[in-house]
Undergrad: 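I have a structure here, written as structure tokens, and I will follow up with some questions on it.
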Number of protein chains: 2
Amino acid sequence: MIAPALTKNQSLVFDVLVRAEQPISAYTILDRLRDHGFRAPLQVYRALDKLTEAGLVHRLESLNAFVACAHRNASCCGGHSHGTVAFAICTGCGQADEFHDHEIDHRLTVWAKARNFRPEKTTIEIRGLCARCAA
Amino acid sequence: MIAPALTKNQSLVFDVLVRAEQPISAYTILDRLRDHGFRAPLQVYRALDKLTEAGLVHRLESLNAFVACAHRNASCCGGHSHGTVAFAICTGCGQADEFHDHEIDHRLTVWAKARNFRPEKTTIEIRGLCARCAA
DNA sequence: ATTCATTGCGTTATGCTATAACGTGTGGCA
DNA sequence: TGCCACACGTTATAGCATAACGCAATGAAT
Ligand SMILES: [Zn+2]
Ligand SMILES: [Zn+2]
Ligand SMILES: [Zn+2]
Ligand SMILES: [Zn+2]
């Protein structure tokens with residue numbers, strides 16, 4: 001992965017996401033960075049675009065929120081960048097658990113190949129209650 | 001499936017979705033129903049809530065759009081209502097292909113069971129180019 | 001028949017999410 | 001020097017979704 005160094009804004013946004021430890025919206029990020037000079041949504045969205053491109057951040061479609069990648073140091077599947085990532089999102093506490101399943105990945109690939117569908121980005125999100133919140 | 005008869009608004013919204021044959025946004029639905037007396041987004045969203053509850057309509061999280069269920073007459077998995085539905089969405093032409101894969105369903109269930117995670121709703125969406133648009 | 005709860009409906013206002021369009025400044029490079 | 005690519009800042013606007021109010025119809029239960 002040839003990742004260029006992060007710019008100042010990108011670092012600030014990434015830092016907020018890492019500290020959050022759970023998905024947060026772009027506007028929440030904006031609010032947390034007002035003291036650092038952020039004034040407009042675009043400053044956040046532009047940084048998020050680059051960070052997601054670089055694989056450092058994931059967007060959760062069912063939440064309209066963003067989360068720092070939990071597999072930054074995993075070597076599985078080349079830092080999971082070659083595989084599809086899935087999330088289990090607790091509607092109780094907001095925690096999002098990132099995981100990867102080869103077999104699911106494989107099945108989706110097979111489906112796509114059989115239909116000459118060329119996948120670009122795959123979203124897998126399970127919403128529900130985590131063990132603690134379901135108890 | 002004990003489905004109550006649709007109300008007038010619900011029928012109108014469902015009809016628009018069936019005719020569309022591809023995902024459309026709530027506001028697009030609203031525009032197409034202005035001649036039938038629709039004036040506000042809530043009229044659409046309330047109908048969509050009921051229709052998705054009833055399994056007649058699916059929401060595509062990565063598009064913020066809605067689509068009529070393509071499996072209304074399929075008996076697989078009890079009209080697929082017991083299984084998870086997946087979509088392949090073409091970013092070229094907008095077509096969304098609804099399908100179901102037992103194995104994926106199974107893997108997700110296994111993952112959840114192992115962690116005492118209680119799933120409520122699962123989203124699987126592959127975005128990419130369909131055979132025609134990729135050519 | 002009156003009461004009560006439920007459900008759908010209509011309207012206004014508001015909030016949240018995301019991008020368009022413009023201009024500035026900087027660093028690399030022919 | 002002129003050019004290009006890119007990050008950045010700002011204002012305005014577009015697009016998606018819900019809160020909160022009130023009314024009307026329905027269908028029990030008393
Ligand atoms: Zn990741
Ligand atoms: Zn939880
Ligand atoms: Zn369906
Ligand atoms: Zn296509």
Side-chain angles (χ1 to χ4, degrees), chain A residues 2-17 20 22-54 56-67 89 91 94 96 121 123 125 127, chain B residues 2-17 20 22-54 56-67 89 91 94 96 121 123 125 127:
Chain A
I2 321 105
L6 298 184
T7 67
K8 189 187 172 201
N9 281 4
Q10 289 161 19
S11 294
L12 286 168
V13 168
F14 185 55
D15 221 49
V16 168
L17 284 171
Q22 66 174 231
I24 52 178
S25 76
Y27 277 73
T28 300
I29 297 172
L30 175 58
D31 286 338
R32 295 193 186 170
L33 287 176
R34 292 208 186 269
D35 293 344
H36 291 268
F38 275 51
R39 316 280 317 176
L42 257 191
Q43 297 174 279
V44 177
Y45 282 109
R46 289 204 267 234
L48 286 172
D49 281 349
K50 295 298 181 185
L51 291 169
T52 52
E53 262 178 43
L56 294 171
V57 164
H58 298 292
R59 174 184 166 84
L60 299 184
E61 302 289 353
S62 67
L63 292 180
N64 291 331
F66 301 84
V67 67
I89 304 164
T91 54
K121 197 206 167 194
T123 300
E125 296 174 16
R127 303 195 59 177
Chain B
I2 321 105
L6 299 183
T7 67
K8 188 185 171 202
N9 282 3
Q10 289 160 18
S11 294
L12 286 168
V13 168
F14 185 55
D15 221 49
V16 168
L17 283 169
Q22 67 175 230
I24 53 178
S25 77
Y27 277 72
T28 300
I29 296 172
L30 175 57
D31 285 339
R32 296 193 186 171
L33 287 176
R34 292 206 187 270
D35 293 344
H36 292 266
F38 275 51
R39 317 278 317 173
L42 230 65
Q43 297 174 279
V44 177
Y45 282 110
R46 290 203 268 234
L48 286 171
D49 281 348
K50 296 299 180 183
L51 291 170
T52 52
E53 262 178 42
L56 294 171
V57 164
H58 298 292
R59 173 183 165 83
L60 299 184
E61 301 289 352
S62 67
L63 292 180
N64 292 328
F66 302 84
V67 68
I89 303 164
T91 54
K121 196 207 168 192
T123 299
E125 296 174 15
R127 302 193 59 176

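Not measured: the values here are computed from a predicted model. So you know, we letter chains A, B, ... as the sequences are listed, proteins then strands, and number each from 1.
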Undergrad: How close or far is atom P of D:dC6 from atom CG of A:Asp49, stated in whole angstroms?
TA: 14 Å
Undergrad: At what distance, to the nearest 0.5 angstrom, does CG of A:Leu17 lie from CG of A:Leu12?
TA: 11.5 Å
Undergrad: Using 0.5 Å steps for rounding, measure from the CD atom of B:Gln22 to the CG atom of B:Leu63.
TA: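 Rounded to the nearest 0.5 Å, the CD-CG separation comes out at 10.0 Å.
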Undergrad: Are any protein N/O atoms closer than 3.5 Å to N/O atoms in nucleotides 8-15 of chain C? If there are, list each pair with its distance.
TA:
residue	atom	partner	partner atom	Å
C:dG8	OP2	B:Lys50	NZ	3.2
C:dC9	OP1	B:Thr7	OG1	2.9
C:dG10	OP2	B:Asn9	ND2	2.9
C:dG10	OP2	B:Gln43	NE2	2.7
C:dG10	N7	B:Arg46	NH2	2.3
C:dG10	O6	B:Arg46	NH1	3.3
C:dG10	O6	B:Arg46	NH2	3.2

Undergrad: Output the rounded distance in Å from OH (A:Tyr45) to P (D:dT10).
TA: 18 Å
Undergrad: Once each nucleotide of nucleotides 23-28 of chain D is scored for protein heavy atoms under 4.0 Å, what B/S/- sequence comes out, 5' to 3'?
TA: ------
Undergrad: Please determine if a side-chain N or O atom of B:Arg59 lies less than 4.0 Å away from the OP1 or OP2 oxygen of D:dA17.
TA: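 So the side-chain polar atoms of B:Arg59 do come within 4.0 Å of the phosphate oxygens OP1 or OP2 of D:dA17, strictly under.
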Undergrad: Whole-Å distance between C:dT17 C1' and A:Glu61 CD?
TA: 12 Å
Undergrad: Side chain of B:Ser11, backbone of B:Thr7: donor and acceptor closer than 3.5 Å?
TA: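 It does hold such a pair.
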Undergrad: Strictly below 4.0 Å: does B:Asn64 bring a side-chain N or O up to OP1 or OP2 of D:dG15?
TA: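 It does not, given that no N or O in the side chain of B:Asn64 lies less than 4.0 Å from OP1 or OP2 of D:dG15.
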Undergrad: Test side chain to side chain contact (heavy atoms under 4.5 Å, CB included) on B:Val13 and B:Gln43 and set out the steps.
TA: CA-CA 9 Å; B:Val13 168; B:Gln43 297 174 279; over 6 Å; no
Undergrad: Rounded to the nearest angstrom, tell me the gap between atom CG in A:Leu63 and atom P in D:dC16.
TA: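 After rounding, the gap between these two atoms is 18 Å.
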Undergrad: Is there a side-chain contact between A:Leu56 and A:Leu6 in this structure, where contact means two heavy atoms from C-beta onward sitting under 4.5 Å apart?
TA: yes
Undergrad: Return the CG to CZ distance between B:Leu30 and B:Arg39, rounded to the nearest 0.5 Å.
TA: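 Here the rounded value is 9.0 Å.
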Undergrad: Counting N and O atoms only, with roles assigned by atom type, does the side chain of A:Thr52 sit under 3.5 Å from a partner on the main chain of A:Leu48, one being a donor and the other an acceptor?
TA: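 Indeed, once roles are kept as given, a pair shorter than 3.5 Å links the two residues.
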Undergrad: Measure all distances between protein nitrogen or oxygen atoms and nitrogen or oxygen atoms of nucleotides 24-26 of chain C, and list the pairs falling under 3.5 Å.
TA:
none

Undergrad: Check the distance between D:dG15's P and B:Ile24's CD1 and give it to me in whole angstrom.
TA: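 From B:Ile24 CD1 to D:dG15 P: 15 Å.
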Undergrad: As an exercise, state the distance from CD1 of A:Ile29 to CG of A:Asp15, rounded to the nearest 0.5 Å.
TA: 11.5 Å
Undergrad: Take atom CD1 of A:Ile29 and atom C1' of C:dT17, then tell me their distance rounded to the nearest Å.
TA: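 Taking CD1 of A:Ile29 and C1' of C:dT17, I get 12 Å after rounding.
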Undergrad: Nearest 0.5 Å, please: how far is CZ in A:Phe38 from CG in A:Leu33?
TA: 5.0 Å
Undergrad: In Å, rounded to the nearest 0.5 Å, how long is the span from NZ of A:Lys121 to CZ of A:Arg59?
TA: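 That separation rounds to 7.0 Å.
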Undergrad: Hydrogens and angles aside, do B:Ser62 and B:Glu125 bring a side-chain donor and acceptor to less than 3.5 Å of each other?
TA: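 On atom types as modelled, these side chains qualify, holding a pair under 3.5 Å.
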